[in-house]
Amino acid sequence: MNKPAVICLDGPSGVGKGTICLLVARNLGWHILDSGSLYRLTALKVSRENVMPDEECIAMLAKSLAVEYREDGGNLEIYLDNEEVNQLIRSEEVGVLASKVAAMPAVREALLARQRAFLRSPGLVADGRDMGTVVFPDASLKIYLTATPGERANRRYKQLKEKGIDVNLANLTEDLQHRDQRDMNRASAPLKPADDAIIVDTTQYNIDEVYSIVMKWVQKRIVTVT
Ligand code: C5P
């Protein structure tokens, strides 16, 4: 039996992958994998449990996370230990810790099967850093979204403000640069486009324009596959 199709949306922090992923999944009626949330949930759990800063301990914790994703009318609600944590995991503090645990190969390995288990019929839209390179190397469509660091910091700033999360643009810009460096330079699954990814520089585009570029590729590649 054929496996359901996957669309991978990879790229650096603040580029708008999450929003595009939701819009595409909603349009197609497909499932969503917000892979960054798994690293964020691991980070939240680490900060709450006061675990040893030891890679194997954190990997064990990642493997045993009690997480539930509820797709509600195209929105994604995330529960950790039965507590709704959507807002909590979006803080910059959790994001920075997430990028530190994400640099640990044993943690990435611990989360691999969990990510692949999201692949269900009729299809999956997966958002992350290594969706096209590691998690779903055979995906039907791989898109790598980029934008300048300044533009990404502005987007993230607006997004967090809209969610009522208190942020400072200068701190955000600095965090984003550190996160980029860590994500791109780590030995295990570094942030980079897959060889067969379509690269879209979104600096000059608004969200509707990016969405329409992505949907053109979806129509070209996926409509013929499904
Ligand atoms: O995408 P998001 O900002 O929620 O991801 C949080 C962190 O998790 C990233 O900075 C990155 O270090 C890590 N991550 C990753 N691989 C993924 C998704 C996220 O390493 N597929």
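These numbers come from a predicted model, not from an experiment. Just follow the structure's listing: the first ligand is 1, and inside any ligand the first atom is 1.
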(request) Please write down residue, atom name and distance for the protein heavy atom closest to atom 1 (O) of ligand 1. (result) Arg129 NH1, 2.9 Å
Side chain, backbone, both or neither: which part of [X] comes within less than 4.0 Å of ligand 1 when only heavy atoms are counted?
X      : result
Lys100 : neither
Asp130 : both
Arg179 : side chain

List every atom of ligand 1 that sits less than 4.0 Å from any heavy atom of [X], numbering the atoms from 1 in the order shown and giving each element.
X      : answer
Gly128 : 18 (C), 21 (N)
Met131 : 21 (N)
Asp183 : 9 (C), 10 (O), 11 (C), 12 (O)

(message) I'd like to check whether Ser35 has a polar contact with ligand 1, where a contact means an N/O of the residue lying under 3.5 Å from an N/O of the ligand.
(response) yes
(message) Please report whether ligand 1 has a polar contact with Asp34, defined as an N or O pair separated by less than 3.5 Å (distance criterion only).
(response) no
Thinking salt bridges, do [X] and [Y] make one under a 4.0 Å N-O criterion?
X      : Y     : value
Lys45  : Asp81 : yes
Glu93  : Arg40 : no
Asp138 : Lys3  : no

(message) Less than 4.0 Å is my threshold; does some heavy atom of Arg182 fall inside it relative to ligand 1?
(response) no
(request) Tell me, yes or no, whether the heavy-atom count around Glu84 atom CD, taken from other residues, nucleotides or ligands under 6.0 Å, exceeds 12. (result) yes
(message) Measuring from atom 20 (O) of ligand 1, which candidate in Arg108, Glu92, Met104 has the nearest non-hydrogen atom?
(response) Arg108
(request) For residues Tyr69 and Tyr79, establish whether the separation of their ring centroids is below 6.0 Å. (result) no
